[in-house]
Amino acid sequence: MKDKISVLISEEEIQNRLKELGAEISRDYAGKSLHMICILKGGVFFMTDLSKHVDPEVPVTMDFMAVSSYGTGVRSSSGIVRIVKDLDQPIEGRDVLVVEDIIDSGNTLSYLLKVLGERKPASLKLCTLLDKPSRREVDVHVDYVGFEIEDKFVLGYGLDYDQIYRNLPYVGVKEG
């Protein structure tokens, strides 16, 4: 498939922002251990790259969750959230940072943060690569934002279009 894709956020811009986010997270978690929870599949690229920019003085552990609220289209979520893959380890008493690729309506993250909060972490924060506040249906507090973007369907750097284009090193927009 040969789609025309324009670059919205370059690889260099992403890497520069990751350094800034890593420094901010390192300051905020100084003297603590950080448990990062990646929301699969789109968050994998972001979390692994971000974790490389967290100071080694901040011990980092990782776990993964898969949730589903999107159908096969390119628009908004269905509003129904399912946990497809749950955590492997308990989070009670841990400082948790949920790492997501994109926040759109807020429905999925609102539900997920409620579920995780009931598991009694010491702290629970949210980090996203991309934030689309204009699409927000549910108020979700985002502690760390990579980039705020307009309401466009984006792909690359973990984000997909029917499971393809995740491996692009930049965030792009499919034209046409």
Side-chain angles (χ1 to χ4, degrees), residues 1-29 34 36-55 58 60 62-78 81 96-110 112-113 124-176:
M1 182 183 283
K2 207 61 167 148
D3 293 309
K4 175 79 173 140
I5 299 170
S6 61
V7 176
L8 181 65
I9 304 169
S10 72
E11 181 177 12
E12 182 179 4
E13 289 172 298
I14 292 169
Q15 294 307 315
N16 287 338
R17 185 65 182 126
L18 289 175
K19 289 176 189 168
E20 294 169 355
L21 286 171
E24 191 176 338
I25 290 166
S26 297
R27 281 190 303 274
D28 291 351
Y29 289 92
L34 175 60
M36 298 174 86
I37 297 175
C38 175
I39 307 304
L40 298 171
K41 298 175 185 171
V44 169
F45 289 81
F46 179 45
M47 187 175 87
T48 55
D49 282 352
L50 177 63
S51 68
K52 295 173 193 175
H53 295 287
V54 174
D55 191 303
V58 177
V60 172
M62 297 178 182
D63 206 342
F64 301 85
M65 286 187 89
V67 295
S68 174
S69 65
Y70 280 81
T72 55
V74 297
R75 293 309 300 167
S76 68
S77 77
S78 64
V81 180
V96 173
L97 180 63
V98 176
V99 181
E100 175 68 295
D101 56 356
I102 188 167
I103 300 176
D104 193 306
S105 69
N107 290 318
T108 302
L109 267 296
S110 174
L112 187 59
L113 291 172
L124 181 61
K125 291 188 177 183
L126 177 59
C127 179
T128 188
L129 175 64
L130 304 173
D131 189 14
K132 284 189 196 178
S134 66
R135 301 265 309 143
R136 201 76 86 240
E137 295 173 6
V138 178
D139 186 36
V140 175
H141 176 73
V142 186
D143 300 280
Y144 306 98
V145 176
F147 301 92
E148 189 173 300
I149 63 169
E150 295 176 15
D151 184 17
K152 296 181 180 191
F153 184 78
V154 290
L155 46 83
Y157 198 71
L159 297 135
D160 72 298
Y161 174 73
D162 286 339
Q163 297 300 322
I164 57 175
Y165 299 118
R166 289 188 195 277
N167 60 320
L168 296 175
Y170 56 85
V171 173
V173 177
K174 185 175 172 279
E175 297 178 10

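Numbers here are sequence positions counted from 1.
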Next item on the list: Could you tell me whether a side-chain N or O of S110 sits under 3.5 Å from a main-chain N or O of N107, the two making a donor and an acceptor?
Entry: no

Notebook entry, point to check: How would you list, by chain and number, every residue that makes a side-chain hydrogen bond (donor to acceptor under 3.5 Å, both in side chains) with Y144, sequence neighbours excluded?
Noted result: D28

Checklist line | Whether over 12 other heavy atoms sit under 6.0 Å from Q163 CD | finding: yes

Check: Could you state the interatomic distance from CG (L34) to CE (M62), rounded to the nearest 0.5 Å?
Finding: 9.0 Å

Next item on the list: Determine the minimum heavy-atom distance between E24 and D143, stating which atoms define it.
Entry: OE2-O, 4.4 Å

Next item on the list: Could you tell me whether K41 atom NZ has more than 12 heavy atoms of other residues or ligands within 6.0 Å of it?
Entry: no

Item checked: Gap between atom CD1 of I102 and atom CG of L109 - 0.5 Å precision -> 11.0 Å

Check: For residues Y161 and D3, is any side-chain donor paired with an opposing acceptor at under 3.5 Å?
Finding: no

Check: Are any non-hydrogen side-chain atoms of V54 and Y29 less than 4.5 angstrom apart?
Finding: no

Next item on the list: List for me each residue that meets side chain to side chain contact (heavy atoms under 4.5 Å, CB included) alongside V145, sequence neighbours excluded, and say none if there are none.
Entry: T128, D131, V142

Check: Got a second to check how far N16's CG is from S10's OG, nearest 0.5 Å?
Finding: 8.0 Å

Check: Does R17 have any side-chain hydrogen bond (donor to acceptor under 3.5 Å, both in side chains) partners at least two apart in sequence or in another chain, and if so, which?
Finding: E20

Next item on the list: Taking the side chain as every heavy atom from C-beta outward, state whether F147 and V171 have any pair of such atoms under 4.5 Å apart.
Entry: no

Next item on the list: Would you sort out whether R27 and D55 count as a side chain to side chain contact (heavy atoms under 4.5 Å, CB included), showing the intermediate values?
Entry: CA-CA 9 Å; R27 281 190 303 274; D55 191 303; over 6 Å; no

Next item on the list: Indicate yes or no: at least one non-hydrogen side-chain atom of F46 is less than 4.5 angstrom from one of L18.
Entry: yes

Margin query: Please give me the minimum heavy-atom distance between V173 and K152, naming the atom from each residue.
Written below: CG2-CD, 4.1 Å

Next item on the list: Could you tell me which non-hydrogen atom of M47 sits nearest to which non-hydrogen atom of I37, and how far apart they are?
Entry: SD-C, 4.0 Å

Next item on the list: Could you grab the distance from atom OG of S26 to atom CG of L21, nearest 0.5 Å is fine?
Entry: 10.5 Å

Notebook entry, point to check: Considering only heavy atoms from C-beta outward, does the side chain of I25 approach that of L50 to under 4.5 Å?
Noted result: yes

Note to self: For G43 versus C38, what's the shortest heavy-atom pair and its separation?
What the structure shows: C-SG, 3.4 Å

Note to self: I'd like to check Q15 versus H53 (side-chain heavy atoms, cut-off strictly below 4.5 Å). Are they in contact?
What the structure shows: yes

Check: Hey, what do you get for OG (S68) to CG (L40), rounding to the nearest 0.5 Å?
Finding: 12.0 Å

Next item on the list: Identify the two heavy atoms, one from H141 and one from L126, that lie closest to each other, and give their separation to 0.1 Å.
Entry: O-CD2, 3.7 Å

Notebook entry, point to check: Which pair of non-hydrogen atoms, one from E175 and one from S6, has the smallest distance, and what is that distance?
Noted result: OE2-CB, 2.9 Å

Item checked: Donor-acceptor pair, side chain of R136 and main chain of D104, under 3.5 angstrom -> yes

Next item on the list: Indicate yes or no: at least one non-hydrogen side-chain atom of I39 is less than 4.5 angstrom from one of T108.
Entry: no

Notebook entry, point to check: Cation-pi between K174 and Y165: NZ/CZ under 6.0 Å from ring centre and within 45° of the ring axis?
Noted result: no

Next item on the list: Report yes if the side chains of V154 and I9 come closer than 4.5 Å at any heavy-atom pair, otherwise no.
Entry: no

Checklist line | Spacing of L168 atom CG and F45 atom CZ [to the nearest 0.5 Å] | finding: 9.0 Å

Next item on the list: Would you sort out whether L112 and V81 count as a side chain to side chain contact (heavy atoms under 4.5 Å, CB included), showing the intermediate values?
Entry: CA-CA 8 Å; L112 187 59; V81 180; 5.9 Å; no

